[in-house]
Amino acid sequence: MKLEKHIKDIESMGDEHIGTSSETPIRMDAFKLSNEEKIDIIKDDVRHIMETLGLDLTDDSLNGTPLRVAKMFVKEVFGGLNPDRRPNASTFQNKYKYGEMLVEKNINVYSTCEHHLLPIVGKAHVAYISNGTVVGLSKMNRIVDYFAKRPQVQERLTIQIVKELQKVLDTQDVACIIDAKHLCVNSRGIRDIDCSTVTSEFGGKFKDSDTRREFLDYVKLDTTF
């Protein structure tokens, strides 16, 4: 009966974009197992799924898939769950006194929808206004990638990027916009291949309409080399 109720609750939720908090829901014992132990367990689980679907895993093309998927989950697409991989975002004093907005746009986003474990692919645009501290440009990309490499909802990902940069830069003046396609919408369910999802988070001065408009104007600039 409990299983039937659980299935009914999930089905009634449908494809709703449910989020619980701005923190990724990770268990307290998430890191008791080593990566190798996790890979070994996940490999067997993937093999079981494939065999349940009726696939012949003695086939040369399929035989290595469970291990490949397990390694991909632990070391790549969900690598951002591991706090040891958190970027060391070194900061520097703003000695050249640059006081305007700094925008890093078109940062590639490769994440995974936590509801169907299908890809989220898009672009992030991140900006901050220095209060005396600056961060290396590539660190902004690395922060985006770190939080993207975990099961996500796009709203949470946007908030996490902003919160991390606010902490690193010691300022509230940080903003992020993400425009991404969700394959759980594009390739299944409604199968609308043209739609994308846009989320934003504005902190500090970016809550001011003029500052926000300036950021949006920069994002719209066509950068071609």
Enter the distance from [X]:[atom1] to [Y]:[atom2] here, rounded to the nearest 0.5 Å.
X      : Y      : atom1 : atom2 : result
Cys184 : Leu118 : SG    : CG    : 6.5 Å
Glu214 : Asp208 : CD    : CG    : 10.0 Å
Thr171 : Lys205 : OG1   : NZ    : 7.0 Å
Lys167 : Gln172 : NZ    : CD    : 12.5 Å
Asn106 : Leu221 : CG    : CG    : 10.5 Å
Ile161 : His125 : CD1   : NE2   : 11.0 Å

Do [X] and [Y] have side-chain heavy atoms sitting under 4.5 Å apart?
X      : Y      : result
Asp173 : Asn131 : no
Val144 : Leu157 : no
Tyr110 : Lys149 : yes
Ile129 : Glu100 : no
Cys113 : Leu183 : no
Glu51  : Arg47  : yes
Phe202 : Val174 : no
Val134 : Tyr128 : yes

What are the two closest non-hydrogen atoms of [X] and [Y], and how far apart are they?
X      : Y      : value
Pro151 : Arg156 : O-NH1, 3.8 Å
Arg150 : Leu81  : CB-CD2, 3.7 Å
Arg85  : Glu76  : NH1-N, 4.4 Å
Ile178 : Gln154 : O-NE2, 3.0 Å
Ala175 : Val162 : C-CG2, 4.0 Å
Leu137 : Asn141 : O-OD1, 3.1 Å

Distance-only side-chain donor-acceptor flag, [X] / [Y], under 3.5 Å:
X      : Y      : result
Lys139 : Ser90  : no
Thr223 : Lys105 : yes
Thr133 : Asp170 : no

Original post:
What's the verdict on side chain to side chain contact (heavy atoms under 4.5 Å, CB included) for Lys43 and Asp40, showing C-alpha distance, side-chain angles and the deciding distance?
Top reply: CA-CA 5 Å; Lys43 176 190 68 176; Asp40 194 50; 3.3 Å; yes
Original post:
Can Met50 and Thr65 be said to form a side chain to side chain contact (heavy atoms under 4.5 Å, CB included), step by step?
Top reply: CA-CA 9 Å; Met50 295 178 70; Thr65 298; 3.8 Å; yes
Subject >> Exam field: side chain Asn186 to backbone Asp192, donor-acceptor pair closer than 3.5 Å >> reply: yes
Subject >> Carboxylate-amine/guanidinium proximity below 4.0 Å for Lys220 and Asp217 >> reply: yes
Original post:
Out of curiosity, does Leu169 fall in the hydrophobic cluster containing Ile143 (side-chain heavy atoms, cut-off under 4.5 Å, transitive links)?
Top reply: yes
